[in-house]
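Note: hydrogens, waters and symmetry copies are ignored here, and every other heavy atom, side chains too, is used.
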Amino acid sequence: MKSPLLTLPGAVPAEGVDEGVAAHYGDLFREQRALADGTGFVDLSHRGVVAVTGEDRLAWLHLLLTQHVSDLPAGRATEALILSANGHIEHALYLVDDGATVWAHVEPGTQEALIAYLESMKFFYKVKVADRTADIAVVHLPAGSIAEVPEGVVVRETPHGRDLFLPRADLEAYAAQAGPPAGILAHEALRVEQHRPRLGFETDHRTIPHELGWIGSAVHLQKGCYRGQETVARVQNLGKPPRRLVFLHLDGSEVHLPVAGTELRLADDGPDGRKVGFITTSARHHELGPVALALVKRNVALDAPLVAGDTAAAQEVVVEP
């Protein structure tokens with residue numbers, strides 16, 4: 001979905017997964033500062049939107065998701081995962097129920113596979129699953145924002161801000177009165193600062209929830225069975241995940257930012273040392289400078305200096321080993 005807000009002054013299109021919205025509007029750091037101060041908005045209209053209706057919607061989703069949602073109160077935001085049979089992360093859903101419909105936004109382009117899976121699991125439950133991406137756009141308001149929300153718009157409120165499920169036809173009109181726009185790069189920089197993982201960025205084909213700190217926020221340990229639950233329980237009770245998410249402070253003297261996939265090595269081992277991890281997301285932060293999220297092997301010492309390619313990196317613990 002190509003956003004009409006790409007016609008706003010200064011808009012530079014994003015690339016890759018986030019294609020379709022603006023990377024920035026001409027001033028990355030100004031946009032970050034605005035979001036940090038609780039002003040402006042982020043166009044996330046490229047994200048997939050899935051709606052689940054029917055009287056059994058919460059009980060049914062409770063059987064499929066990692067989160068406890070059978071008694072989810074109307075208006076309360078939560079997040080959940082869908083795992084493979086082996087416990088690997090396949091989908092991440094950002095949910096809210098408005099009393100009649102469960103609304104979820106998901107990573108761009110993943111909604112079709114998600115809906116196919118949900119449809120295959122309907123059986124006799126009284127539920128309907130719909131792809132609403134074509135008519136509903138997600139807009140993010142940062143924490144502290146006092147921007148008005150149009151009447152009737154579903155809101156998902158979290159400590160990091162509010163996600164609006166806005167009619168796509170109203171996107172341009174809302175943008176005109178919602179304050180200065182901020183691009184996806186500003187949104188991503190704050191996500192990295194907040195140590196929040198993102199599907200397809202911090203995950204690969206073998207990622208399990210424990211590695212990213214998704215236990216609790218997206219995985220409920222006392223709910224009933226779901227696909228992949230055996231792996232979650234086994235790691236929680238008997239073992240440790242093979243990798244852990246870390247936050248990295250990168251050497252600010254380097255001109256180039258290490259990109260996702262850049263290999264991490266122990267600084268003491270030199271350029272030919274063994275790989276101990278890799279960058280998952282990197283960003284230039286308006287206060288912290290160049291920073292990144294990364295996955296490293298669990299046994300890497302917490303105080304070990306690292307090198308990302310040629311760039312020195314200092315760890316900050318996100319997931320305990």
Side-chain angles (χ1 to χ4, degrees), residues 1-47 105 107-108 137-150 158-164 166 168 170-198 200-202 247-260 262 279-294 308 311 313 316:
M1 304 294 293
K2 185 175 181 180
S3 174
L5 303 190
L6 286 172
T7 61
L8 292 178
V12 175
E15 299 178 346
V17 173
D18 290 320
E19 182 180 2
V21 295
H24 59 84
Y25 295 89
D27 192 335
L28 173 62
F29 292 150
R30 177 190 58 77
E31 294 164 30
Q32 285 187 40
R33 287 191 291 269
L35 292 179
D37 290 341
T39 60
F41 71 94
V42 184
D43 176 12
L44 299 179
S45 62
H46 63 317
R47 290 184 64 83
H105 65 79
E107 287 298 322
V138 179
V139 172
H140 175 76
L141 300 178
S145 170
I146 59 172
E148 292 187 9
V149 176
T158 77
H160 306 294
R162 290 175 288 170
D163 298 333
L164 279 54
L166 186 75
R168 192 171 290 274
D170 298 339
L171 181 57
E172 288 183 273
Y174 185 74
Q177 56 89 36
I184 193 71
L185 290 182
H187 187 262
E188 283 289 280
L190 298 187
R191 177 182 72 82
V192 171
E193 177 195 12
Q194 295 156 358
H195 306 166
R196 292 187 289 129
R198 183 177 172 188
F201 287 66
E202 280 60 59
F247 177 78
L248 298 178
H249 294 271
L250 302 172
D251 181 0
S253 66
E254 297 289 341
V255 175
H256 300 290
L257 198 64
V259 298
T262 301
I279 299 286
T280 58
T281 306
S282 58
R284 296 191 184 277
H285 191 273
H286 70 287
E287 289 184 340
L288 301 176
V291 293
L293 293 176
T311 303
E316 188 174 306

- Sequence neighbours excluded, the answer for ring-ring contact (aromatic ring centres under 6.0 Å, His included) partners of Tyr174 is none

Heavy atoms only: give me the nearest [X]-[Y] pair and the separation to one decimal.
X      : Y      : answer
Leu166 : Leu171 : CD2-CA, 3.8 Å
Ala189 : Ala283 : CA-CB, 3.8 Å
Leu35  : Leu190 : CB-CD1, 3.6 Å
Ala294 : Thr280 : N-OG1, 3.6 Å
Gly40  : Pro142 : O-CD, 3.2 Å
Ile184 : Ala14  : CG2-CB, 3.9 Å

- Message: Below 30° counts as parallel, above 60° as perpendicular, anything between as tilted: where do the rings of His140 and His187 land?
- Response: perpendicular

Any donor-acceptor pair under 3.5 Å linking the side chain of [X] with the backbone of [Y]?
X      : Y      : answer
Arg168 : Ser45  : yes
Ser282 : Pro258 : yes
Glu31  : Tyr25  : yes
Arg162 : Leu141 : no

- Could you check if a side-chain atom of Glu107 sits within less than 4.5 angstrom of a side-chain atom of Arg198, using non-hydrogen atoms only? yes

- Below 4.5 Å, heavy atoms only, C-beta onward: do Leu44 and His46 meet side chain to side chain? yes

Enter the distance from [X]:[atom1] to [Y]:[atom2] here, rounded to the nearest 0.5 Å.
X      : Y      : atom1 : atom2 : result
Asp43  : Leu5   : CG    : CG    : 4.5 Å
Phe247 : Thr281 : CZ    : OG1   : 11.5 Å
Arg30  : His286 : CZ    : NE2   : 13.0 Å
Glu316 : Leu248 : CD    : CG    : 9.5 Å
Glu202 : Ile279 : CD    : CD1   : 10.0 Å
His285 : His249 : NE2   : NE2   : 10.0 Å

- Message: Quick one about Asp251 and Ser253 (side-chain donor to acceptor, distance below 3.5 Å, no hydrogens or angles considered), yes or no?
- Response: yes

- Message: I'd like to know if Arg47 pairs up with Asp163 as an ion pair, taking the criterion as any Lys NZ or Arg NE/NH1/NH2 lying under 4.0 Å from an Asp or Glu carboxylate oxygen.
- Response: no

Atom [atom1] of residue position [X] - does it have more than 12 heavy atoms of other residues, nucleotides or ligands inside 6.0 Å?
X      : atom1 : value
Glu148 : CD    : no
Glu193 : CD    : yes
Glu15  : CD    : no

- Query: Is there any salt bridge (Lys or Arg N to Asp or Glu O under 4.0 Å) pair reaching into residues 280-291, and which pairs are they, with sequence neighbours excluded?
  - Reply: none

